[in-house]
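Here is the structure we will look at, set down as C-alpha cells.
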Amino acid sequence: MNIQDTLSSTEQKVDNSEKIKIYLCGVTVYDESHIGHARTIIVFDVLRKYLENKKKEVELIQNFTDVDDKIINRANDEGIPAHEISKRYIENYFRDFDELNIKRATNYPKATEHIEDIIEFIKKLIEKGIAYASENGVYFSVSKFPEYGKLSKKKIDELKSGSRIQVDETKKDPLDFAVWKFSDVEPTWESPWGKGRPGWHIECSVMSMKYLGGNFDIHGGGRDLIFPHHENEIAQSEAHSDGKFAKIWMHVGMVTIAGEKMSKSLGNTKSIKYVLENWGPNIIRLFCLSGHYSKVIDYSEEMLKENLTKWRQVETCYYELIHANNVEQENISEKIRNISTEFDKSLEDDLNTHLALSSFFELVKETNRLAASEKLGKENSIIIMKEFERISKILGLNIPKINQEEKEEIDSLISNREKLRGEKQFEDADKIRDQLNEMNIELMDHKGKTIWMKKEKIQKDC
RNA sequence: GGUACUCUGGCAGAACGGUUAUGCGUGAGCCUGCAAAGCUUAUACAAGGGGGUUCGACUCCCUCGGGUACCUCCA
C-alpha cells in the first residue's frame, strides 16, 4: 500500500512486513469535536480497518491534549478545575466517535499522564545543548536543528522575516518554541527548571516514542498541523534520538463550510453531535470518504442529502440480499471478484476512498439490477453478501440491525397486506403500508413477492 | 509576501499519456392496483486562460489567473 508522504512529497510504500505502527494527533479536549475532527479520524479508521482486513496487525496511538491554554481558559470561565473540562470533553469525544463507528485506538495517551516522560525528554535535549531554560520557560533552539522547516517546506530566514508573533525577548531566537512553560496557574508540575506545564508539541514527540519507538510507520493528523506542530515534533524527536522520526507523514485535508475553513476560532463549526443527530453515522462517513482524504471537502446540507440517497441504495441492496430467493440466477462470482479487487486496488493507491466507494456502488447497483430482473438467488446473495460485509466493515458502514420480535411483527403485517391486496382491498392494504412506514419499514413490491427494509432513521429525511 | 494544496459536466468527484469513470440531479421509459424503492436509457462544441512537448495530454513542461489552507492556537 502506498501513501503520499508530506515530508518527501512522494508516495511511499507502507512497510507491512510486521506490525504497522501509526500515531495520530488527536484533539485538544476543551470543546465539542466537530465534523473536521471527524473527517481526520474517519480517514485513519478506514486506513486501519483496511490494513486489518488484510490481516495486518496495526497499533494505533491517538493522543488527547489535556493540558493547554484553551482548556485552562475554559476552566477559568466556568470556575472549575481544568481536569474537569478535559474529562468532560474526553467523555464527549467517545460519545461521538463510538457512535461514528470508529474502532477504538490501541491507546489514548494523555499529556498529563506523561509529565515524567516529558521531563526526561527535555532533560536530554538540554544535555545535548539543543534546549535551554530561560526566564519564561524551556525552549527548543531551532538553530541547533539545521533541517528545521523540512516538513512544511519553510526556509528559516523566511520564517524570521514573516514572523508576526510578539517576540518573547527571553528567547535566544524568535523561532525557538517552548517545550516547557513556567506558570503558577494550575495545573502545574514541578520540574528541574521550575514549576509549569509542557509546551504543546513535546507531548507527541514523547508519547509517540514511548508507545511506538522512534521510527514508526505513519504519523498523521490534519493538514493544519504541518506547521508548526509536526515540524516541531520532528525537530524535537530527531534532535533527541539522532534518528529518523516517522517514516510517512500523512495529512488529511480540511473541511470547509461555504468555502471557509471550519474552525473553532471562526465560530463556523458543525459539531459531530449536531450532525449525528440530523444525519446519523453512515451518511457522515460516506460524506467524509467521498473525496480524496488529502483534499478539502466542503460541508453542505446538499452533500449530506446526496449521501443520504446513496445510503438508501446501500440499505436496499442489503435487504435485497437478505430476501433473495429467485430460482433463476446469473453467474456473478467473477464480477464480484473484480469489484473486490478494484476496491482493494483503490485503497492500496493512497487510500483512494472515492474510487473504492465507486466499486462499492457497483456492487450495490449490480445487486439491485439482479433483484429487479428477478435473478437474485440464494447462492448469488451469499457470494455478494460476503463482499458487501467486508467492504462495509472497512468503510465502517453499519446497517441498523433488527430483532426477531420486530421481524415477526413485520412479516405478519406484510402477509395481512398481501391478503388484502389479493382481495383488492387496497385502502386497507395501504393503511398497513403506512403503519409500517411509521416503523421506518419500507416495502418494495416485486413481482409475486413483497420485501421490506428497515431504514435507518434520519432526522433530516423528512 | 512566502509555502503547500487546488481549478474537470447543473452539482460532487476520479482517472497520474491513448474512447471524460462513478454518484447525485434532470428528461424519457419499464415495473406497480396506486405508490415507494428499484431497473433501463439519455444528458459536456469539456477539462481556469494561453503557450509548448507528443502520433496523441485532464494527465508532462512553461506562463498568466482564480480559490483555499498554513506562515499565531487549530483535525
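Reminder, nothing fancy here: chain letters follow the sequence lines and each chain counts from 1.
Counting heavy atoms from C-beta on, the side chains of L308(A) and I283(A) come closer than 4.5 Å.
Taking atom CD1 on I414(A) and atom C1' on A37(B), their separation rounds to 13 Å, with Å as the unit. With rounding to whole Å, L266(A) atom CG is found 8 Å from C70(B) atom P. Between M254(A) atom CE and C71(B) atom P the separation is 11 Å, expressed in whole Å. In this structure, K305(A) places its NZ atom 10 Å from P of U26(B), rounding to the nearest Å. Between the OH atom of Y23(A) and the P atom of A75(B) there is a distance of 13 Å, rounded to whole Å. The CG atom of L289(A) sits 14 Å away from the C1' atom of G23(B) (whole-angstrom rounding). Atom P of nucleotide A75(B) and atom NE2 of H230(A) are separated by 10 Å, given to the nearest angstrom. Remark: P of A75(B) and CG of D45(A) are 18 Å apart, rounded to the nearest angstrom.
Applying the side-chain hydrogen bond (donor to acceptor under 3.5 Å, both in side chains) criterion to E442(A), with sequence neighbours excluded, gives K455(A). For the side-chain contact (heavy atoms from CB on, under 4.5 Å) test, residues two or more places apart in sequence or in another chain that qualify with S183(A) are V185(A), T188(A), R197(A). By the side-chain hydrogen bond (donor to acceptor under 3.5 Å, both in side chains) test, S237(A) is found to be paired with S205(A), residues two or more places apart in sequence or in another chain being considered. For D68(A), the side-chain contact (heavy atoms from CB on, under 4.5 Å) partners are T28(A), T65(A), K70(A), I71(A), not counting sequence neighbours. For the side-chain hydrogen bond (donor to acceptor under 3.5 Å, both in side chains) test, residues two or more places apart in sequence or in another chain that qualify with E301(A) are K460(A).
Counting non-hydrogen atoms under 4.0 angstrom, M453(A) reaches nothing in the nucleic acid. Among the atoms of the strands shown, base atoms are found under 4.0 Å from some heavy atom of R421(A). Heavy atoms of R417(A) sit under 4.0 angstrom from at least one base atom. Using a 4.0 Å heavy-atom cutoff across all strands shown, L443(A) reaches at least one base atom of the nucleic acid. F227(A) comes within 4.0 angstrom of sugar-phosphate atoms only, judged by non-hydrogen atoms across all strands, and of no base. Within the nucleic acid shown, D445(A) comes within 4.0 Å of at least one base atom, counting heavy atoms only. Note on R433(A): a base of the nucleic acid sits closer than 4.0 angstrom, heavy atoms only.
Checked against the 6.0 Å centroid criterion, the rings of Y30(A) and Y89(A) do not qualify as a close aromatic pair.
Closest heavy-atom contact between D176(A) and S141(A): OD1-CA, 3.4 Å. Scanning all heavy atoms of the two residues, the minimum distance from G280(A) to E456(A) falls at CA-OE2, 3.8 Å. When every heavy atom of H446(A) is checked against every heavy atom of A371(A), the shortest pair comes out as CD2-O, 3.7 Å. Closest approach of S134(A) and Y139(A) over heavy atoms only: OG-CE1, 3.4 Å. Here the closest non-hydrogen pair linking C317(A) and N368(A) is CA-OD1, 3.4 Å.
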Using the 3.5 Å cut-off, write out each protein N or O paired with an N or O of nucleotides 18-20 of chain B and the distance between them.
none

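Distance check on atom C1': G10(B) versus U26(B) gives 8 Å, rounded to whole Å. A75(B) sits 16 Å from A69(B) when the P atoms are compared, rounded to a whole Å. Comparing A47(B) with U20(B), their C1' atoms sit 8 Å apart, to the nearest whole Å. For the C1' atoms, the distance linking U32(B) with A37(B) amounts to 11 Å, nearest Å. Across the C1' atoms, G48(B) and U6(B) are found 11 Å apart, a figure rounded to whole Å. For the P atom pair drawn from C24(B) and U40(B), the interatomic distance equals 11 Å after rounding to whole Å.
Relative to the side chain of T316(A), the nucleotides A75(B), G38(B), G25(B) differ in distance, and G38(B) lies closest. Nearest nucleotide to the side chain of R369(A), out of U72(B), A37(B), C39(B): C39(B). The side chain of R223(A) approaches A4(B) more closely than any other nucleotide in the set C34(B), U72(B), A4(B).
Projected onto RNA chain B by closest heavy-atom contact, H229(A) and L357(A) fall at different nucleotides, the more 5' of which corresponds to L357(A). Taking for each of M262(A) and A429(A) the nucleotide of RNA chain B with the nearest heavy atom, the 5'-most of the two is the partner of A429(A).
Look at K365(A) and you'll find a side-chain N or O under 4.0 angstrom from OP1 or OP2 of C39(B). In this model, the phosphate group of C24(B) is approached by a side-chain N or O of Q313(A) to a distance below 4.0 Å at OP1 or OP2. At least one side-chain nitrogen or oxygen of K261(A) sits closer than 4.0 Å to the OP1 or OP2 atom of C70(B).
Taking every heavy atom of residues 26-36 of chain A and every atom of RNA chain B, pairs under 4.0 Å involve G26(A), V27(A), T28(A), H34(A), G36(A), by number. Contacts between residues 317-331 of chain A and RNA chain B, defined by a heavy-atom separation below 4.0 Å, involve no residue at all.
Using the six-membered ring where Trp is involved, Y318(A) and F388(A) have ring planes that are tilted, between 30° and 60° apart. The aromatic rings of Y23(A) and F216(A) lie tilted to each other, with the angle between the two planes from 30° to 60°. The aromatic rings of Y108(A) and F94(A) stand perpendicular to each other, their planes meeting at an angle above 60°, with 30° marking the opposite boundary.
Applying the ring pair (Phe, Tyr, Trp, His ring centres under 6.0 Å) test to pairs two or more places apart or on separate chains, those with a residue in residues 246-275 of chain A are H219(A)-W249(A), H230(A)-W249(A), H230(A)-H251(A), F245(A)-W249(A).
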Requested in this report: Sugar-phosphate means primed atoms, P, OP1 and OP2; the rest is base. With that split, encode nucleotides 9-16 of chain B 5' to 3' as B, S or - using protein heavy atoms under 4.0 Å.
Outcome: --SSSSSB

Query raised in the report: So what's the dot-bracket for RNA chain B: Watson-Crick or G-U pairs under 3.5 Å, [ ] if a pair crosses, | if it pairs off-strand?
Result: (((((((..(((.....[...)))((((((.......))))))....(((((..]....))))))))))))....

With a cut-off of 3.5 Å and sequence neighbours excluded, list every side-chain donor-acceptor pair involving residues 38-46 of chain A.
residue : atom : partner : partner atom : Å
R39(A)  : NH1  : G253(A) : O            : 2.9
R39(A)  : NH1  : M254(A) : O            : 3.2
R39(A)  : NH1  : K295(A) : O            : 2.6
R39(A)  : NH2  : H292(A) : O            : 3.0
R39(A)  : NH2  : Y293(A) : O            : 3.3
R39(A)  : NH2  : K295(A) : O            : 2.7
D45(A)  : OD1  : K103(A) : N            : 3.0
D45(A)  : OD2  : K49(A)  : NZ           : 2.7
D45(A)  : OD2  : R285(A) : NH1          : 3.1
D45(A)  : OD2  : R285(A) : NH2          : 2.8

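Checking side-chain atoms of K424(A) against main-chain N and O of R421(A) turns up no donor-acceptor pair under 3.5 Å.
Cation-pi geometry between K154(A) and F227(A) is satisfied (NZ or CZ under 6.0 Å from the ring centre, within 45° of the ring normal).
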